[in-house]
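Have a look at the structure below, then the notes.
Per chain, numbering begins at 1; letters A, B, ... match sequence-line order.
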Amino acid sequence: MSVRRVIDLLRSGEPKQAATVKGWVRTKRELKDFAFLEINDGSSLQGLQVVLDHSLPDYANLLRGLTTGASVSIEGVLVASQGNKQRIELQAQTLEVWGQCDSETYPLQKKRHSFEFLRTMAHLRSRTNTLGSVFRVRNTCSQAIHQFFQERDFLWVHTPIITGSDCEGAGEQLAVTHFDPRKVPLTETGEIDYGQDFFGKPTYLTVSGQLEAEAMALAFSNVYTFGPTFRAENSNTSRHLAEFWMVEPEMAFCNLQGDMDLAEAFLKHIFKTVLEACPEDMAFFNLRIDKTVLETAEQIVTQEFERITYGDAIATLEKAKHPFEYPVEWGLDLQSEHERYLCEELFKKPVIVTDYPKEIKAFYMRLNDDGKTVAAMDVLVPKLGEIIGGAQREERLDILEQRILAQGLSLEDYWWYLDLRRYGTVPHAGFGLGFERLVQFITGMANIRDVIPFPRTPLNAEF
RNA sequence: UCCUCGGUAGCUCAGUGGUAGAGCGGUCGGCUGUUAACCGAUUGGUCGUAGGUUCGAAUCCUACCCGGGGAGCCA
């Protein structure tokens, strides 16, 4: 008798077939002479309905052990369901409880729980409908990302998680040390003597693999990273994590135009893949989480993104009859409210804003011919704001050196990054995508802590 | 980090100075193929923590802790 996943049985199981299913009890509905179980094994949102007849040996005792959350193995025969909520169901013949689940103390009820409550039990919450759907969609997103790049001959490169560079230009870093915090060695002048630490110098968790990805792109032409990233910012919002996953493609012989084209094709591919692979989960999000996710996904796949320069965006915002809390003025960064106005009210779709003033962007972004702006691009989406940030990189050694110095940074810290411009430099471009923000955007989940299994945020590393 | 709202039963919440409540869940019983099952009964509390005011505090005051939403920073 073959063991089959629930999704397989729901899709292709036929009456009279023998089948064994293994999973966890979601609900039990008892009637006088028989009972229904719903078994879920994580393979799909819908569970398999199992019918237990009172003629089963030791029926009364059996039912007592079949509580919500218990793990079971059930052998039986598939039959056409008399109910209208499922095509097929399993008539149980033998049943084994692997692990009991005390219903007095098991925290997950059959009814809906708040996401705040579920966050206090990250080890159990994946057994709920919503988190189950989230993590299946998250998996499909991962797969779609690799597929997109691999089909285009991009090399997946593994950039370091521990970095010796404390100046990657993207926020506070978490220190990595092997020192005993009670006995940190000091130099004669009273400074911390990092020469005695594990790596012989200060080290940190990476905030971006971009600089290393650029090095790899200058050998392999097209590469991408997909890995964890860390930020020690004390950000307490529904869109920030201290540990998150980032996707960073980097392309040699590419300009800003090519960068934007790639970003748009990339998002379209992921949405298309999720719509095809996870229709049940997406329908669930549309019904229970956010009634616009399907419409939004269809728009992403079919519509061209709006493209607008920062200068035009500022001019548009200045003319808008919309009250803004923060000032709109050339040279100031766009605030959340401005970004939301552009993509939620004005264009009603994703917007790519390009060519920002050089003062508000990173040193490595390529200086435009006007000398005032850089070849940067941000992809803004409704509700979330910035989901992708990218740029054509500055490939000219002299200008890059000026930009590093102008931002108060030191050339020595970037010696190897500058070498890339000394030896065979080429125009190149890339972008970074916050993976959890992508999953948030696709699923409509309001809080980023609910789209990663074990979220890391300030004061939260329990699991 | 700032602003703001909140913390009362396992969960979601009501109670705003005078005996601690409801719905759901759990348990027990009933029931015609149920599917957020249904019907009946029942169980369940250091009111976030520590001080203070008061004859009396879940309720008023102070501090702290934790959570939600918004902002900044960003992805």
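In this entry the distance linking CG of A:L174 with P of B:rC73 reads 20 Å, nearest Å. One can place CG of A:L37 at 12 Å from C1' of B:rU35, the figure rounded to the nearest angstrom. A:F34 places its CZ atom 16 Å from the P atom of B:rA37, with the value rounded to the nearest Å. The distance from atom CZ of A:F230 to atom P of B:rC74 is 20 Å, rounded to the nearest whole Å. In this structure, CG of A:L334 is placed 12 Å from P of B:rC74, rounded to the nearest angstrom. Put simply, CZ on A:F115 is 18 Å from P on B:rG67, counting in whole angstrom units. Atom CD in A:E462 sits about 13 Å away from atom P in B:rC66, given to the nearest Å. Per the geometry, CG belonging to A:L63 stands 14 Å off C1' belonging to B:rU34, to the nearest Å.
Using N1 to N3 plus N6-O4 or O6-N4 for Watson-Crick, or N1-O2 and O6-N3 for G-U wobble, each under 3.5 Å, B:rA37 pairs with nothing. Across all strands shown, B:rC47 has no partner, as no Watson-Crick or G-U wobble contact with both distances under 3.5 Å is found. Summarising the base pairing, B:rA71 is matched to B:rU1 through a Watson-Crick or G-U wobble pair whose two defining distances lie under 3.5 Å. Using the Watson-Crick or G-U wobble rule with both distances under 3.5 Å, B:rC55 pairs with B:rG18. Figure legend. B:rG6 is base-paired to B:rC66; pairs are counted as Watson-Crick or G-U wobble with both atom distances under 3.5 Å. B:rG26 and B:rU42 make up a base pair, with Watson-Crick or G-U wobble contacts both under 3.5 Å.
Comparing the P positions of B:rU1 and B:rG18 gives a spacing of 37 Å, expressed to the nearest Å. B:rU27 and B:rG67 have their C1' atoms separated by 31 Å, with the value rounded to a whole Å. Atom P of B:rU12 sits at a distance of 14 Å from the matching atom of B:rG69, rounded to the whole Å. Atom name P, nucleotides B:rG30 and B:rG68: the rounded distance is 44 Å, in whole Å. Taking atom P on both B:rA20 and B:rC24, the two are 24 Å apart, rounded to the nearest angstrom. Rounded to whole Å, the P atom of B:rG40 lies 25 Å from the corresponding atom of B:rG45. Distance check on atom C1': B:rC28 versus B:rC61 gives 47 Å, rounded to whole Å. Taking the P atom of each, B:rG21 and B:rU16 are spaced 14 Å apart, rounded to whole Å.
A donor-acceptor contact under 3.5 angstrom links the side-chain atoms of A:E89 to the base of B:rG33. For B:rC74, the base has a donor-acceptor partner in the side chain of A:H240 [N/O atoms by modelled type, under 3.5 angstrom].
Contact check for A:L108 versus A:T128: side-chain heavy atoms found under the 4.5 Å cut-off. By the 4.5 Å heavy-atom criterion applied to side chains, A:L438 and A:L267 are counted as neighbours. At least one side-chain heavy atom of A:M445 sits less than 4.5 Å from a side-chain heavy atom of A:F115. Contact of the A:N236 side chain with the A:P458 side chain is registered, since non-hydrogen atoms from C-beta on lie closer than 4.5 Å.
Using a 90° window around 0 for the glycosidic torsion, B:rU16 falls inside it and is classed as syn.
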Verify ring-ring contact (aromatic ring centres under 6.0 Å, His included) between A:F441 and A:F271, making sure each step is shown before the conclusion. CA-CA 10 Å; A:F441 183 43; A:F271 274 79; 5.4 Å; yes

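OP1 or OP2 of B:rA71 lies within a sub-4.0 Å distance of a side-chain N or O belonging to A:R239. Using a 4.0 Å cut-off, no side-chain N or O of A:R26 falls inside it from OP1 or OP2 of B:rU35. The phosphate of B:rG68 has OP1 or OP2 within less than 4.0 Å of a side-chain N or O from A:R119. The shortest distance between the side-chain N/O atoms of A:S235 and the OP1/OP2 oxygens of B:rC74 is not below 4.0 Å. Here A:R29 does not reach the OP1 or OP2 of B:rU34: none of its side-chain N or O atoms lies under 4.0 Å away. Not one side-chain nitrogen or oxygen of A:T105 sits closer than 4.0 Å to the OP1 or OP2 atom of B:rG10. Contact between the side-chain N/O atoms of A:N447 and the OP1/OP2 oxygens of B:rG69 is found at a separation under 4.0 Å.
A cation-pi arrangement is present between A:R152 and A:F148 under the rule of less than 6.0 angstrom and at most 45 degrees off the ring axis.
The aromatic rings of A:H54 and A:Y59 stand perpendicular to each other, their planes meeting at an angle above 60°, with 30° marking the opposite boundary. Using the six-membered ring where Trp is involved, A:H113 and A:F117 have ring planes that are tilted, between 30° and 60° apart.
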I'd like to compare against my own output: the B/S/- annotation of nucleotides 22-30 of chain B with a strict under-4.0 Å heavy-atom distance to protein. --SSSS---

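Taking for each of A:R288 and A:L459 the nucleotide of RNA chain B with the nearest heavy atom, the 5'-most of the two is the partner of A:R288. Each of A:P107 and A:T27 was matched to the nucleotide of RNA chain B holding its nearest heavy atom; the match closer to the 5' end belongs to A:P107.
Residue A:Q82 is in base contact, counting any heavy-atom pair closer than 4.0 Å across all strands shown. When heavy atoms are screened at a 4.0 angstrom cut-off, A:Q86 is found touching base atoms of the nucleic acid. A:I387 comes within contact range of the sugar-phosphate backbone alone, with a heavy-atom separation under 4.0 Å but no base atom that close.
Aromatic ring centres of A:F266 and A:F149 lie closer together than 6.0 Å. When ring centroids are compared, A:Y326 and A:H338 stay outside the 6.0 Å threshold.
Looking at A:R4 and A:D41, no side-chain N of the basic residue comes within less than 4.0 Å of a carboxylate O on the acidic one, giving no salt bridge.
Of all nucleotides listed (B:rU35, B:rC11, B:rA71), B:rA71 comes nearest to the side chain of A:T237.
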